[in-house]
Amino acid sequence: MTQLNNALTLFFSLLVEAIPFLLIGVVFSSALLLFVDERKLVAMMPKNPLLGALAGSMVGFLFPVCECGNVPVARRLIVQGAPASVAIGFLLAAPTVNPIVFWATWTAFRGQPEIVFLRIGFSLLIATIIGWVFSSQADLRPLLQPAVAQSMPAPQGRRSRRSKFAQSAEPASELLQSGTFLLNSSGQPMRMEAVGAQAALAASSVTTKPLSDRLQLMLDNVVQELRELGGVLILGSAIAAIVQVAIPREVILSLGQGPITSILAMMLLAWVVSICSTVDSFFALSFASTFTSGSLLAFLVFGPMIDVKNIGLLLSVFRGRAIVYLFALAAQLTFLLTLIINLYVS
Amino acid sequence: MTVRPKPIAQPQPRRLGSAFWLVVLDILAIATWGVLLLKYWLTGKLNVLLHPNYMWLANTAGICLLALSLLKAVQLLQITTQRSARNHFRSLPTMQHFSLFPRGWSSAMLLAVAVFGLQFTPQPFASEVALNRGVTDTLAMTRSQPQSFRSTTSPEERSVIDWIRTLDVYPEPDAYTGQQANVEGFVIHPPELPNNYLMISRFVITCCAADTYPVGLPVKLEGNRSAYPQDTWLRVKGSMITETLDGQRHLTIQASELEEIEEPENPYEY
């Protein structure tokens, strides 16, 4: 009975601490989604792949959205012709490298400021590296879902070499494609459907609507995200509370004190729990006394990049193969960096 | 006779109905959360859940959630009563959105948890959690560092956490021998201590109940500790001695006076 009571107190404490941050995150993300024109942003991005990846990773400071909001933004960035490095950098870093997440993490870990700065630093580093790696694939389209790929502008300059992904992606002959084609401004044939899809995706940028409409949409978006993310937050807090109270301390300690097992356990937990990045630091905090600092970092860095919840979301942009690459690279880099922290720093 | 053209594409009443109730569910869920946060504030139960630094966040969020539900309710009212508002709203583009659950589920879960929260009174943690989390008389390196350390505090004014912070700075227990102690806390009976010792403890909170951790000092009694059951709140007066407990030298209070006190409104120390 006491245990149940403790679990419930922990559960409500996590929720009460996290909900204000969730609310701020949701309001900001809705406002920016409706008031910032991504096309201008894309035009400002550097062309150099490494700088592009870094710049893309920092865009989160302008779009403080957590992972549920950033995939749709990344998708619009891709459709509007952002280079791969920028889009991937943004996709991976934006949920972590932004002022609201910084504040929430600071609130939770003000006793261990190194966690806050290492979280931001590692996320930037990993996102930049992966964005850079992906930039070697000049034409992103074979890695994207057909609907997104079709609505992308063709890469400029020489025709991209068809990679091995492209063959699996489009088995039909390039010469003999059925369907209706239009010539675009540069004289390249474009599929009729692609024109429609591009228009539809471009229309989702609502920055041209009158202010009152945008405010209506913003209210709608706030409620919608609050509902979705609140649901995930409740499940995540419940898991954290149950783990804290139900699993014997010896088990948690033996898992949490090993330099390698603790990192693996926390990465797995991050992947499963899928808690939103604005509030995940409070979840991690409940493990702070039993788990190594490296493993807490692994949770805070890896969780926002890829988890069960956002795989569904990523599938709306990328093909499965690209997600496997993203996942493997992010997991390995997180593991490596946090292991260094566990072995050499703390 | 004029023939009125039949209106085409009438909104189907069924679909409007289910969408209407889903929005009502959203509004109720958000409003109930607002009420819950405000209830914790007004009843003082927020003390059990949060560090005082962050209470304003929860209080503001409560007000904002109530305002949000009100705005949404006004919007819903406009859409259901004014056809022009409805048509205009339908013409707006919808944002692409990802959903993990079917639409009604999330709101229903949020509402259910908030309603449950209104019934549930959070209890501060007690000895069981303290024993489970491990009571220490040292602040591990990972813990929040002393916020305000004043070495000039006279010994009898130090609270349990003040003693622990003092020890953290200068850990030799003999340095404190003979100093007067006057601390408040709850009783724990750690299994590794002999029967005439108990631990006087407090929980320290840095953010929310998730990161509370217990600290405590051993108290040497004249008789058996069973006179003071676990979780009793005590004021302990006595003088400091050094005892070897469980193979380690510990700063210990030799109790001269033990007085049972009410559990404080705010059970944590900071």
Side-chain angles (χ1 to χ4, degrees), chain A residues 2-3 5-6 8-10 12-17 19-21 23 27 33-34 68 71-72 75 107-112 203-204 206 209 213 216-217 219-228 230-232 234-235 240 244 249 274 282-283 285-286 288-290 293 309-310 312-313 316 346, chain B residues 23 26-27 29-30 33 36-37 40 46 48-50 53-54 57-58 60-61 64-65 68 71-72 75 88-89 92-101 103 105-107 109-110 113 116-117 120 122-126 128-129 132-134 140-145 206-211 213:
Chain A
T2 338
Q3 286 223 326
N5 218 315
N6 290 341
L8 284 171
T9 301
L10 195 62
F12 278 105
S13 150
L14 284 173
L15 285 175
V16 166
E17 179 73 70
I19 280 180
F21 287 97
L23 191 63
V27 168
L33 226 53
L34 295 166
C68 326
V71 177
R75 183 181 153 124
T107 304
F109 287 98
R110 72 196 157 107
Q112 295 165 269
S204 68
V206 290
K209 293 271 171 193
D213 285 3
Q216 292 261 9
L217 284 172
L219 178 63
D220 240 33
N221 206 58
V222 166
V223 171
Q224 202 170 9
E225 289 197 354
L226 204 58
R227 179 207 313 139
E228 285 300 327
V232 179
I234 284 184
L235 288 183
Q244 291 294 304
R249 190 177 161 80
S274 304
F282 304 110
F283 180 97
L285 186 62
S286 59
S289 57
T290 38
S293 303
K309 173 191 62 180
N310 97 349
L313 204 50
S316 70
S346 60
Chain B
V23 177
D26 282 348
I27 294 172
I30 293 172
W33 267 103
L36 179 63
L37 290 178
Y40 281 150
L46 214 52
V48 178
L49 298 175
L50 292 186
N53 280 7
Y54 305 115
L57 273 173
T60 319
C64 290
L65 286 175
L68 187 63
L71 278 177
K72 191 70 191 168
Q75 188 193 46
H88 178 68
F89 190 72
L92 294 180
T94 45
M95 302 303 295
Q96 296 160 358
H97 227 277
F98 158 77
S99 320
L100 189 64
F101 317 105
R103 175 149 176 204
W105 290 27
S106 273
S107 333
M109 190 160 68
L110 278 167
V113 170
F116 179 77
F120 170 76
Q123 297 293 327
F125 294 142
E128 190 184 320
V129 178
N132 198 27
R133 291 195 179 176
M141 284 313 286
T142 56
R143 298 302 191 191
S144 121
Q145 298 303 306
T206 41
C207 168
C208 57
D211 72 298
Y213 57 99

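Predicted, not measured: the structure shown is a model, and the values here were computed from it. Note on naming: letters A, B, ... go to the chains in the order of the sequence lines (proteins, then strands), and numbering restarts at 1 for each one.
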Atom of [X], atom of [Y] and distance for their closest heavy-atom approach:
{"X": "A:Ser13", "Y": "B:Leu50", "result": "O-CD2, 4.2 Å"}
{"X": "A:Gly231", "Y": "B:Ser106", "result": "CA-OG, 4.2 Å"}
{"X": "B:Asn53", "Y": "A:Arg110", "result": "ND2-NH1, 4.0 Å"}

What's the spacing between B:Gln75 CD and A:Asp220 CG if we round to 0.5 Å?
-> 5.0 Å
Pick from A:Leu226, A:Leu15, A:Leu285: which one has the most heavy-atom pairs with chain B under 4.5 Å?
-> A:Leu285
Determine, stepwise, if the pair B:Phe120 / A:Asn5 fulfils side chain to side chain contact (heavy atoms under 4.5 Å, CB included).
-> CA-CA 9 Å; B:Phe120 170 76; A:Asn5 218 315; 3.4 Å; yes
Check the angle between the aromatic planes of B:Trp33 and A:Phe12 and answer parallel, tilted or perpendicular using the 30° and 60° thresholds.
-> tilted
If you count heavy-atom pairs under 4.5 Å between each of B:Ile30, B:Leu68, B:Val48, B:Asp26 and chain A, which one has the most?
-> B:Asp26
In terms of heavy-atom pairs under 4.5 Å, which option from B:Leu36, B:Leu46, B:Leu57, B:Leu37 contacts chain A the most?
-> B:Leu57
Report yes or no: does A:Thr9 contribute a side-chain atom to a donor-acceptor pair with the main-chain N or O of B:Gln123 at less than 3.5 Å?
-> yes
Relative to chain B, which segment of [X] carries a heavy atom at a distance below 4.5 Å: side chain, backbone, both, or neither?
{"X": "A:Phe283", "answer": "neither"}
{"X": "A:Ile234", "answer": "side chain"}
{"X": "A:Leu23", "answer": "side chain"}
{"X": "A:Val222", "answer": "side chain"}

Can you find a heavy atom in the side chain of A:Leu219 that is under 4.5 Å from one in the side chain of B:Lys72?
-> yes
Per-residue contact mode, B:Ala29 against chain A (heavy atom under 4.5 angstrom) | neither
Under 4.5 Å to a heavy atom of chain A? For B:Leu71 that would be both
